[in-house]
Amino acid sequence: MDGLLGLLRVRVLRGVDLAVRDLKSSDPYVVLQMGKQKLRTRVIKKSLNPEWNEELTLSVEDPTLPIKLKVYDRDRFSFDDPMGDAEFDIHPFFLAVKMMNNSPPPPPPSSSTSSGLVAGSVIIKQLLPNRRNCLAEESSIRADEHGTILQDMFLRLRNVECGEIQLQLQWIHLPPSKSLRPPS
């Protein structure tokens with residue numbers, strides 16, 4: 001894995017207002033795919049607002065590859081039913097990670113967080129929903145008080161009548177990741 005730049009930890013937090021695929025509910029799970037890598041969460045039985053709180057980790061060799069997310073309803077005796085899909089670009093997140101590695105640590109934040117920002121974090125970049133992404137609302141790329149780069153996002157599912165998925169991205173550095181480290 002010569003081209004490995006780092007790891008991307010994707011916290012699949014929860015689903016909101018997912019589509020009904022069984023009689024009154026669904027048994028949803030999430031599949032993440034980046035290139036040839038494919039990971040999935042566990043199934044949450046009978047829930048339209050599931051809480052997974054699961055961490056899935058992807059190896060990043062090409063940060064320009066989009067991450068595809070698909071939600072399915074688990075069926076015991078037939079094929080699993082699709083419950084929507086979304087796609088997101090990690091390139092802005094990767095650039096923020098790279099920028100933060102080549103600059104001094106951010107100044108300590110003030111204690112006021114009227115903007116909804118997590119206490120002790122500094123916003124690096126704001127991403128707005130548009131026709132080219134699946135963001136349901138504004139998404140912040142931020143550095144926490146330990147210098148960890150995070151991005152919180154709500155994705156609106158496509159090809160389905162309703163539903164959103166809440167995720168959090170975190171970059172994990174690898175020691176030999178020289179392409180992201182400033183020269184010594």
Side-chain angles (χ1 to χ4, degrees), residues 7-34 37-58 60 63 65-76 78-94 96-97 113-144 148-172:
L7 301 175
L8 181 68
R9 177 176 293 145
V10 181
R11 286 188 182 98
V12 181
L13 298 171
R14 65 189 177 120
V16 178
D17 193 26
L18 299 182
V20 174
R21 289 294 180 257
D22 294 331
L23 290 176
K24 294 180 185 173
S25 191
S26 292
D27 303 318
Y29 65 94
V30 173
V31 175
L32 286 180
Q33 184 173 0
M34 180 181 195
Q37 299 174 79
K38 193 182 257 191
L39 303 169
R40 64 172 267 185
T41 65
R42 71 188 186 284
V43 173
I44 303 290
K45 299 273 186 192
K46 296 182 174 65
S47 180
L48 300 179
N49 296 292
E51 296 206 13
W52 289 283
N53 292 315
E54 279 189 51
E55 294 181 354
L56 305 176
T57 303
L58 296 163
V60 179
L65 285 176
I67 295 180
K68 297 175 182 183
L69 177 145
K70 293 182 180 181
V71 183
Y72 292 96
D73 169 50
R74 177 79 174 125
D75 285 330
R76 254 181 103 158
S78 65
F79 292 109
D80 293 353
D81 300 316
M83 295 178 66
D85 62 84
E87 191 172 286
F88 59 97
D89 179 13
I90 66 161
H91 198 249
F93 182 76
F94 177 76
V97 167
T113 58
S114 61
S115 66
L117 180 62
V118 177
S121 63
V122 175
I123 292 179
I124 300 167
K125 183 172 178 81
Q126 295 283 109
L127 300 172
L128 300 173
N130 62 44
R131 291 183 179 152
R132 293 184 316 258
N133 65 37
C134 292
L135 293 174
E137 58 187 44
E138 193 172 283
S139 176
S140 298
I141 300 172
R142 60 186 170 85
D144 70 8
T148 303
I149 309 300
L150 302 165
Q151 181 177 357
D152 300 300
M153 62 175 67
F154 269 97
L155 297 175
R156 181 165 290 124
L157 296 174
R158 306 178 293 198
N159 303 312
V160 69
E161 55 274 20
C162 59
E164 294 179 359
I165 299 291
Q166 183 183 10
L167 304 174
Q168 183 183 70
L169 308 182
Q170 178 184 349
W171 187 261
I172 301 170

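What you see is a predicted model; the values in this text were computed from it and never measured.
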Quiz item: Given R21 and D75, is the salt bridge (charged side-chain N to carboxylate O under 4.0 Å, His left out) satisfied, shown in steps?
Solution: CA-CA 9 Å; R21 289 294 180 257; D75 285 330; over 6 Å; no
Practice problem: List the steps and the verdict of salt bridge (charged side-chain N to carboxylate O under 4.0 Å, His left out) for K70 and D85. | Solution: CA-CA 4 Å; K70 293 182 180 181; D85 62 84; over 6 Å; no
Quiz item: If you round to the nearest 0.5 Å, how far is SG of C162 from CE of M83?
Solution: 8.0 Å
Quiz item: Is a salt bridge present between D27 and K45, judged by a nitrogen-to-oxygen distance below 4.0 Å?
Solution: no
Exercise. Check the pair M153, L169 against side chain to side chain contact (heavy atoms under 4.5 Å, CB included), reporting the backbone distance first and the verdict last.
Key: CA-CA 8 Å; M153 62 175 67; L169 308 182; 3.7 Å; yes
Exercise. Please check if atom CG in L23 has more than 12 non-hydrogen atoms from other residues, nucleotides or ligands closer than 6.0 Å.
Key: no
Quiz item: For the ring pair Y29 and W52, is the centre-to-centre distance below 6.0 Å?
Solution: no
Quiz item: Can you list the residues that meet the salt bridge (Lys or Arg N to Asp or Glu O under 4.0 Å) rule with D80, with sequence neighbours excluded?
Solution: R74
Self-check item: Between CH2 on residue W171 and CG on residue L150, distance to nearest 0.5 Å
Solution: 13.5 Å
Quiz prompt | Candidate list L167, V12, V31, test side-chain contact (heavy atoms from CB on, under 4.5 Å), partner L69, passing option | solution = L167
Quiz prompt | side chain to side chain contact (heavy atoms under 4.5 Å, CB included) between V60 and M34, worked out | solution = CA-CA 9 Å; V60 179; M34 180 181 195; 4.2 Å; yes
Practice problem: Compare every heavy atom of P82 with every heavy atom of Y72, then report the nearest pair and how far apart it is. | Solution: CD2-CA, 3.8 Å
Exercise. Could you note down all residue pairs passing salt bridge (charged side-chain N to carboxylate O under 4.0 Å, His left out) where residues 10-20 supplies at least one of them, sequence neighbours left out?
Key: R11-E55
Quiz item: Looking only at heavy atoms, what is the nearest atom pair of P28 and P50, with distance?
Solution: CG-CG, 3.6 Å
Quiz item: Listed by chain and number, what are the salt bridge (Lys or Arg N to Asp or Glu O under 4.0 Å) partners of E51, not counting sequence neighbours?
Solution: none
Self-check item: Test item: T41 side-chain N/O and V30 main-chain N/O as donor-acceptor pair under 3.5 Å
Solution: yes
Self-check item: Atom of P63, atom of I90 and distance for their closest heavy-atom approach
Solution: O-CG1, 3.5 Å
Quiz item: What's the spacing between Q151 CD and R142 CZ if we round to 0.5 Å?
Solution: 10.0 Å
Exercise. Find the distance between CG (L135) and CG (D89) and round it off to the nearest 0.5 Å.
Key: 10.0 Å
Quiz item: Quick one: which of N49, V160, I165 gives a side-chain contact (heavy atoms from CB on, under 4.5 Å) with L18?
Solution: I165
Quiz item: For residues T148 and Q170, is any side-chain donor paired with an opposing acceptor at under 3.5 Å?
Solution: no
Quiz prompt | CG-CD distance between L32 and Q37, expressed to the nearest 0.5 angstrom | solution = 10.5 Å
Self-check item: Contact summary for K125 and P92, nearest pair of heavy atoms
Solution: CE-CB, 4.3 Å
Quiz item: Is there a donor-acceptor pair closer than 3.5 Å between any side-chain N or O of S139 and the backbone N or O of L127?
Solution: no
Practice problem: Keeping the roles fixed (side chain from N133, backbone from L128), state whether a donor-acceptor pair exists under 3.5 Å. | Solution: yes
Practice problem: For the pair S26 (side chain) and A19 (backbone), establish whether a donor and an acceptor sit closer than 3.5 Å, ignoring hydrogens and angles. | Solution: yes
Exercise. Check V20 against K24 and note the closest heavy-atom contact, atom names and distance.
Key: CG1-C, 3.8 Å
Exercise. Any chance you could measure K46, atom NZ, to I44, atom CD1, to the nearest 0.5 Å?
Key: 13.5 Å
Quiz item: Can you name the nearest heavy-atom pair linking F154 to V16, along with the distance?
Solution: CE2-CG2, 4.0 Å
Exercise. Please tell me if the side chains of L39 and V10 come closer than 4.5 Å, counting only heavy atoms from C-beta onward.
Key: no
Exercise. Examine distances only and state if a side-chain atom of E54 and a backbone atom of R42 form a donor-acceptor pair shorter than 3.5 Å.
Key: yes
